[in-house]
Amino acid sequence: MNTHAIRLAMFRAGTAMTAVCLFTAALAQESLQKPIVTTLDEITVTASKGEGAAINEMASISVVGEQTKEETGANTVRDLLRGVPGASVAMTPGDTAASINLRGLEGFGRVVVTVDGARQNYQQSSHGLTSGSFIFEPEFLQDVTVIKGPSANAYGSGAIGGVVGFRTKSPGHFLEADETWAAETMLRYNTNKGWAAGETAAVRVNDAFSVLGSLVFRDNDDYQDGDGNRIENSDSQVVRGMAKADIQLSEEQRLVLGYIHNHDETTTSSGSYGNVVDTNNLTADYSYVSLDNDLVDLRINGYWTSTDLDQEYLSSSSSWYGQTRTFQIDTIGADIVNSSLFSTGAFAHKLTYGVDGYRDEVDNSDPAHSGRDGATPSGQRTVYGGFVQDSVGFGDWLEVNGGLRYDAFNLEGNGVDNSGSHLSPKVTVGVSPFSGNALGGLQVYGSYAEAYRAPALTETLVSWSHMGLFEMIPNANLKPETSRNYEAGINYSADSVFTDSDGLRLKAAIFQNNVSDYIEQIGIGIPAAPYYTYPEYQYQNIKSARIEGVELEATYDAGWFYAGLSGSIQKGYNETDGGLLDSVPANKFVTNIGFRALDDKANFGAQWETYKAQDDTSAEDYDVVNLFASYEPREGTSLSVNVDNLFDETYKPYGFTDNSSGRAIMFTFKQRFGG
């Protein structure tokens with residue numbers, strides 16, 4: 001482990017935070033002389049204090065916010081999304097990056113992941129970070145929206161599996177209405193992992209300008225599984241920082257600037273490589289909402305993201321011991337979207353339209369391949385498109401959404417030039433047949449949506465030999481994937497169900513997603529001893545893949561008591577050979593029961609996760625029980641205890657290379673000051 005690098009990064013981060021604190025202190029002094037006007041951020045009000053199912057959307061959408069983060073004591077993306085039906089998160093024990101699977105689709109951009117609107121497009125075809133992996137710090141979270149299925153054609157190209165959008169804390173969200181400044185300290189210790197510490201501070205300078213800075217350190221040890229076995233190389237050292245500025249340009253215009261830097265040091269689970277990864281996420285989000293013209297609700301978002309991974313060869317038996325291979329990707333993108341409200345007779349319209357695009361620049365090198373890029377080829381890919389969508393309402397009982405998206409791409413590298421384009425339609429019809437009774441909050445909807453994914457650079461250009469065991473062959477003729485999704489669902493919302501102050505929210509859906517020209521790695525020839533690998537492998541299009549399933553998400557909140565249930569059952573088929581798709585994770589159900597007491601100062605409960613492995617896999621069924629409790633002895637001070645894997649089960653989640661953690665008790669202390 002490169003301890004010098006981590007110390008240097010910590011010093012730099014600490015110096016930066018000191019500068020931020022001095023700057024914010026000066027701004028705070030200035031702010032005392034200026035009038036304060038508070039602008040409240042837009043929030044999504046759903047089942048339990050703003051979280052759970054996005055109940056008014058005619059699609060399978062889940063929103064996870066700070067309440068869930070605090071209850072679970074989330075240290076990873078997997079912790080954040082464990083209760084979302086249809087979502088699974090793959091991680092290797094020593095890797096701080098995550099890869100998200102939605103409804104059995106993952107990798108190479110099938111699930112679009114954004115952080116404050118910036119796409120996370122990293123790819124690597126080897127040990128450590130993998131295709132579709134990204135790094136996100138849970139302590140920076142304001143909320144994350146999960147849109148399952150290819151119904152999100154307004155969110156950009158490639159989302160045949162869905163979209164996961166992370167939104168980080170903003171100054172206006174962090175500061176209370178009567179505060180001009182605030183700071184929060186976090187200290188955490190996990191008996192089976194290590195410690196973490198963080199600091200977040202924000203200042204409202206005046207009615208037009210506010211800033212926020214956040215810094216998190218994590219020092220994770222090797223953990224033990226449920227049998228007490230130490231999982232080698234599962235340790236990591238992390239320094240992560242975020243800064244955000246919120247500028248109210250006028251009563252109608254707003255500009256939010258954000259920057260995130262992650263510096264993570266890990267070792268691959270095999271011990272073959274030492275990883276040092278640095279990521280950057282720079283965003284500028286401009287919005288113009290006209291107060292007197294319903295046709296103008298404009299948003300322009302620009303971003304730059306980069307991931308730089310240095311992997312040092314650690315095996316003394318390797319000819320390249322002590323040398324470093326590098327993986328780098330830069331993505332520059334932008335999107336422009338406007339919404340217009342108008343009526344035509346008895347029909348109310350919300351017309352949304354826009355354009356978007358991004359460019360990936362991949363530059364990799366590996367001494368094991370004479371300095372060439374090895375299994376993850378270098379190159380460029382440009383993807384762009386536009387869309388229009390009209391949401392039409394008739395009274396309070398009928399809603400129809402119709403949309404059309406155009407996508408195009410160009411891919412270049414190693415003498416290959418591939419391009420293509422596609423038109424993807426979408427239509428959703430929702431009916432609310434009842435009013436004024438117990439079924440008044442019921443909506444039934446059905447939808448058909450298409451999506452289009454361009455081949456990735458690696459899928460098209462990969463060309464290398466793996467230790468003489470097999471060859472990877474490029475395929476310049478790969479066709480893009482086209483997804484056609486059918487879905488039917490219900491949304492139900494009711495208040496005062498059993499008492500005057502309780503509420504029930506429910507979403508359920510059944511779907512079938514048909515992917516034409518599905519891209520899969522295919523073995524060519526006859527497997528040979530001693531490892532019985534195929535002599536050649538190539539990414540090829542298979543005629544069709546089909547994934548189908550059902551999902552459920554329900555929450556009940558009575559104030560002093562609340563409960564939630566989420567579950568998904570899904571199956572995937574390769575329709576060329578009739579086999580099952582390996583990418584479909586286990587079926588799962590997650591149940592939560594919680595209680596609030598002492599004027600909501602105390603919150604405690606339990607969570608039960610149960611998983612049923614897919615047929616024809618080596619995975620096993622397992623159950624995990626987690627406990628959580630928190631208490632606020634006084635305003636601004638919170639103490640919490642989480643017990644993960646209460647019964648010390650030994651299990652291997654989907655996408656894990658080793659067993660997951662055994663029983664872990666986590667203690668968290670947070671202290672907030674403000675004025």
Review point. Strictly under 6.0 Å, is that where the ring centroids of Phe108 and Tyr539 end up?
Key: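 Between Phe108 and Tyr539, the centre distance is under 6.0 Å.
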Review point. Between Thr114 and Asp116, is there a donor-acceptor pair closer than 3.5 Å when you use the side chain of the first and the backbone of the second?
Key: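 Not at all, since once roles are kept as given, no pair shorter than 3.5 Å links the two residues.
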Practice item. Please round to the nearest 0.5 Å and tell me the distance separating atom CG of Asn192 and atom CZ of Arg230. Key: 11.5 Å
Check your understanding: How many angstroms lie between NZ in Lys193 and CG in Asp221, if you round to the nearest 0.5 Å?
Key -> 8.0 Å
Review point. Regarding Arg218 and Asn75, is there a side-chain donor-to-acceptor distance under 3.5 Å anywhere?
Key: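 There is such a pair between these side chains.
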Check your understanding: Any chance the side chains of Glu553 and Ser62 put a donor and an acceptor closer than 3.5 Å?
Key -> yes
Practice item. Establish, for the pair Arg240 and Phe136, whether the NZ or CZ atom is under 6.0 angstrom from the six-membered ring centre and no further than 45 degrees off its axis. Key: no
Exercise for review: Would you verify whether the NZ or CZ of Arg596 falls within 45 degrees of the ring axis of Phe604 while also being under 6.0 Å from that six-membered ring's centre?
Suggested key: no
Check your understanding: What class does the angle between the rings of Tyr259 and His261 fall in, given that below 30° is parallel, 30 to 60° is tilted and above 60° is perpendicular?
Key -> parallel
Review point. Is there a ring-ring contact (aromatic ring centres under 6.0 Å, His included) between Phe134 and Phe166 once you walk through the steps?
Key: CA-CA 12 Å; Phe134 67 99; Phe166 293 87; 5.6 Å; yes
Review point. Counting heavy atoms not belonging to Lys612, are there more than 12 under 6.0 Å from its NZ?
Key: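 Counting neighbours around NZ of Lys612, 12 or fewer heavy atoms of other residues, nucleotides or ligands fall under 6.0 Å, so no.
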Review point. So does Ile593 have more than 12 non-hydrogen atoms from other groups sitting under 6.0 Å from CD1?
Key: no
